[in-house]
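The block underneath contains the structure these notes are about, expressed in C-alpha cells.
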Amino acid sequence: MKKDMLKKLDPYEEFVIIKKGTEKPFTGKYNDFYEKGTYVCKRCGLPLYKSSSKFKSECGWPSFDEEIPGAVKRQMDADGQRTEITCAYCGSHLGHVFEGEGYTSKNVRHCVNSVSMEFVPDGEKVQRNRAFFAAGCFWGTEYMFKTFKGVLDTRVGYMGGKKKNPTYEQVCTGTTGHFETAEIIYDTSEVDYATLVRFFFEIHDFSQFDGQGPDIGEQYKSVIFYTDDAQRQVAESVKKELQKMGRVVATEIRRASDFWLAEDYHQDYYEKTHKVPYCHYRRSVFSPEVFKVKNEE
C-alpha cells in the first residue's frame with residue numbers, strides 16, 4: 001500500500017476509519033440514500049460496493065448484500081464476537097458483516113459506516129480502480145505492469161481458489177485452485193481498462209494452456225479476473241479481437257473473488273533482488289496506435 005495514495009482524514013473520520021469506531025445509527029449521509037452509482041473507500045478511493053447491492057434494513061447504517069469482488073477483507077474483531085470488514089487495499093475500517101438474517105436472497109448484510117465511504121454517481125468515472133491479471137509467475141507480471149503509465153501500485157497474491165489465505169507452498173501444489181495473480185491499481189484518467197488488458201496480452205504467451213514458459217501448472221495459467229460487467233465485456237471483446245487475428249487464446253476470463261496477498265518476500269520481488277523476469281517481456285501484438293490514446297500522449 002502506497003501511503004501517498006491515502007487521503008488525509010479529519011479527527012472524526014480517523015476515529016471511525018483508523019481507530020475502528022462506529023458512527024451513531026441513522027446519522028450517516030448514506031443511510032437513507034439510494035441513488036445509482038458506486039461507493040468508494042474514503043481513504044484510498046478504490047471501489048467497494050455498487051448501489052445495486054444496497055438494500056433497506058432499518059438497522060441505522062448503510063447495508064449491502066455483496067461487495068465488489070476483491071474489494072473487502074473480513075477478519076474477526078479483537079473480542080472474537082463479530083466479523084469486521086475493511087478495505088482490502090488500505091485496511092480502512094468499514095463496519096461489520098452479518099449472515100443468516102434473511103434480508104435478501106444472498107442472506108448477507110454488510111453494515112457500513114457512511115463516513116468510511118464516498119459516492120460516485122452513475123455517469124461519473126471513479127478516480128481509481130483495480131484490475132486482476134494472472135499471467136504465469138506473478139513476479140514477472142508485477143514487474144511488467146509496475147512502470148506502465150497510469151499504474152499507481154501493484155501487489156501480488158492468489159485468486160480463484162476456495163482455500164482461505166493459502167500459502168505459497170500450498171498454491172504450488174496446484175491443488176488449491178488458486179492462480180498467481182497481480183493486482184493492478186490504476187488512475188482511470190491516465191489509463192483505461194482496455195489498454196491494461198491489451199498490455200496484459202502483450203507481456204506473456206497467452207497461447208500456452210499448461211502454464212507460462214518453463215512454469216508448468218494450474219497456478220501459472222493465463223486468467224483475467226473481472227470485477228464487474230464492464231470489465232468482463234472489455235476482456236471478452238479484446239479476446240475476440242485476438243481470435244479474429246487467428247491467434248490461439250488460452251486465457252480464461254473469470255469473475256474475481258477473494259484476493260489473498262502473497263508473502264512479503266514475493267512483493268516487488270525483482271526490485272528487491274535486482275533481477276529481471278525470465279519469461280515475461282513485451283511482444284508486439286496490437287497496433288501501437290491503441291496504446292497512444294491514453295498511454296503515450
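None of these values were measured; they are calculated from a predicted model.
Here the closest heavy-atom approach between residue G45 and residue V40 is recorded as O-CB, 3.6 Å. Scanning all heavy atoms of the two residues, the minimum distance from P69 to A256 falls at CB-O, 3.2 Å. Considering all non-hydrogen atoms of both residues, N31 and S114 come closest at N-OG, 3.7 Å. Among all heavy-atom pairs drawn from W61 and E23, the shortest one is NE1-O, 2.9 Å. Of all heavy-atom pairs spanning A194 and V234, the tightest one is CA-CG1, 3.6 Å.
Listed for the S237 side chain is no donor-acceptor partner under 3.5 Å among the backbone atoms of Q233. A donor-acceptor pair under 3.5 Å is absent between the side-chain atoms of N113 and the main chain of S116, judged by distance alone. Checking side-chain atoms of D210 against main-chain N and O of I216 turns up no donor-acceptor pair under 3.5 Å. Of the possible polar contacts, one joining the T181 side chain to the F179 backbone as a donor-acceptor pair under 3.5 Å is found. Under the 3.5 Å distance criterion, the side-chain polar atoms of D268 are left unmatched by any main-chain donor or acceptor of E271. Side-chain atoms of E101 do not come within 3.5 Å of backbone N or O of V108 as any donor-acceptor pair. In this structure, the side chain of W139 does not engage the main chain of Q267 through any donor-acceptor pair within 3.5 Å. A donor-acceptor pair is defined here as one N or O able to donate and one able to accept, closer than 3.5 Å; no such pair exists between the side chain of S63 and the backbone of K56. Using modelled atom types, one side-chain atom of S53 and one backbone atom of E66 make a donor-acceptor pair closer than 3.5 Å. Looking at D77, its side chain never comes within 3.5 Å of a backbone N or O of G80 through a donor-acceptor pair.
Classification of the H266-Y158 ring pair by plane angle, with boundaries at 30° and 60°, yields perpendicular. In this structure, Y193 and F133 have parallel ring planes: the angle between them is below the 30° cut-off, well short of the 60° mark. Note: F148 and F145 have perpendicular aromatic rings, judged against thresholds of 30 and 60 degrees for the angle between ring planes.
Rounded to the nearest 0.5 Å, atoms CG (D153) and CE (M5) are 6.0 Å apart. For the atom pair SG (C41) and CD1 (I17), the distance works out to 6.5 Å, reported to the nearest 0.5 Å. One finds the NZ atom of K162 at 13.0 Å from the CG atom of D258 (value rounded to the nearest 0.5 Å).
Taking the ring centroids of Y39 and F64, they lie under the 6.0 Å cut-off. Between H280 and Y143, the distance separating the two ring centers is not shorter than 6.0 angstrom.
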Quiz prompt | Residue pair R74, E99: steps toward the salt bridge (Lys or Arg N to Asp or Glu O under 4.0 Å) verdict | solution = CA-CA 13 Å; R74 303 185 184 202; E99 298 183 5; 2.9 Å; yes
Exercise. Show your working on side chain to side chain donor-acceptor pair (under 3.5 Å) between Q231 and D229 and close with a plain yes or no.
Key: CA-CA 5 Å; Q231 287 192 353; D229 280 343; over 6 Å; no
Exercise. Report the C-alpha separation of H204 and T141 in whole Å, then their side-chain angles, then the decisive distance to 0.1 Å, and conclude whether the side chain to side chain donor-acceptor pair (under 3.5 Å) test is met.
Key: CA-CA 8 Å; H204 76 297; T141 309; over 6 Å; no
Exercise. Would you please test E84 and H93 for side chain to side chain donor-acceptor pair (under 3.5 Å) and show each step?
Key: CA-CA 8 Å; E84 180 193 10; H93 175 71; 2.7 Å; yes
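Around atom NZ of K146, more than 12 heavy atoms belonging to other residues, nucleotides or ligands sit under 6.0 Å away. For Y12, the OH atom sits in a packed shell: over 12 heavy atoms of surrounding residues, nucleotides or ligands are nearer than 6.0 Å. For Q127, the CD atom counts as loosely surrounded, since its 6.0 Å shell holds 12 or fewer non-hydrogen atoms of other residues, nucleotides or ligands. Other residues, nucleotides and ligands place more than 12 heavy atoms under 6.0 Å from the NZ atom of K20. Annotation: K240, atom NZ; neighbour count of heavy atoms from other residues, nucleotides and ligands within 6.0 Å does not exceed 12. Within 6.0 Å of NZ in K275 there are 12 or fewer heavy atoms belonging to other residues, nucleotides or ligands. Around atom CG of D122, more than 12 heavy atoms belonging to other residues, nucleotides or ligands sit under 6.0 Å away. Dense packing is recorded around NZ of K106, with more than 12 heavy atoms of other residues, nucleotides or ligands lying under 6.0 Å away.
Two residues are said to be in side-chain contact when any heavy atoms from C-beta on lie closer than 4.5 Å; E67 and K50 fail this criterion. Residues D205 and Q212 are in side-chain contact: their nearest non-hydrogen atoms beyond the backbone lie under 4.5 Å apart. Residues T176 and E218 fail the side-chain proximity criterion, which asks for heavy atoms closer than 4.5 Å. At a threshold of 4.5 Å between non-hydrogen side-chain atoms, the residues V285 and L242 count as touching. At a threshold of 4.5 Å between non-hydrogen side-chain atoms, the residues L152 and K2 do not count as touching. Residues F98 and R82 meet the side-chain proximity criterion, which asks for heavy atoms closer than 4.5 Å. Using a 4.5 Å heavy-atom cutoff, the side chains of M159 and F132 are in contact. Contact of the E180 side chain with the K221 side chain is not registered, since no non-hydrogen atoms from C-beta on lie closer than 4.5 Å.
Geometrically, R254 does not engage F225 in a cation-pi contact defined by less than 6.0 Å to the ring centre and at most 45° from the axis. Annotation: cation-pi geometry not satisfied between R198 and F200 (NZ/CZ under 6.0 angstrom from ring centroid, within 45° of ring axis). Remark: R282 qualifies as a cation-pi partner of F291 under the 6.0 Å distance and 45° angle criteria applied to the six-membered ring. Geometric assessment of K54 against the ring of Y34 yields a positive cation-pi assignment under the 6.0 Å and 45° thresholds.
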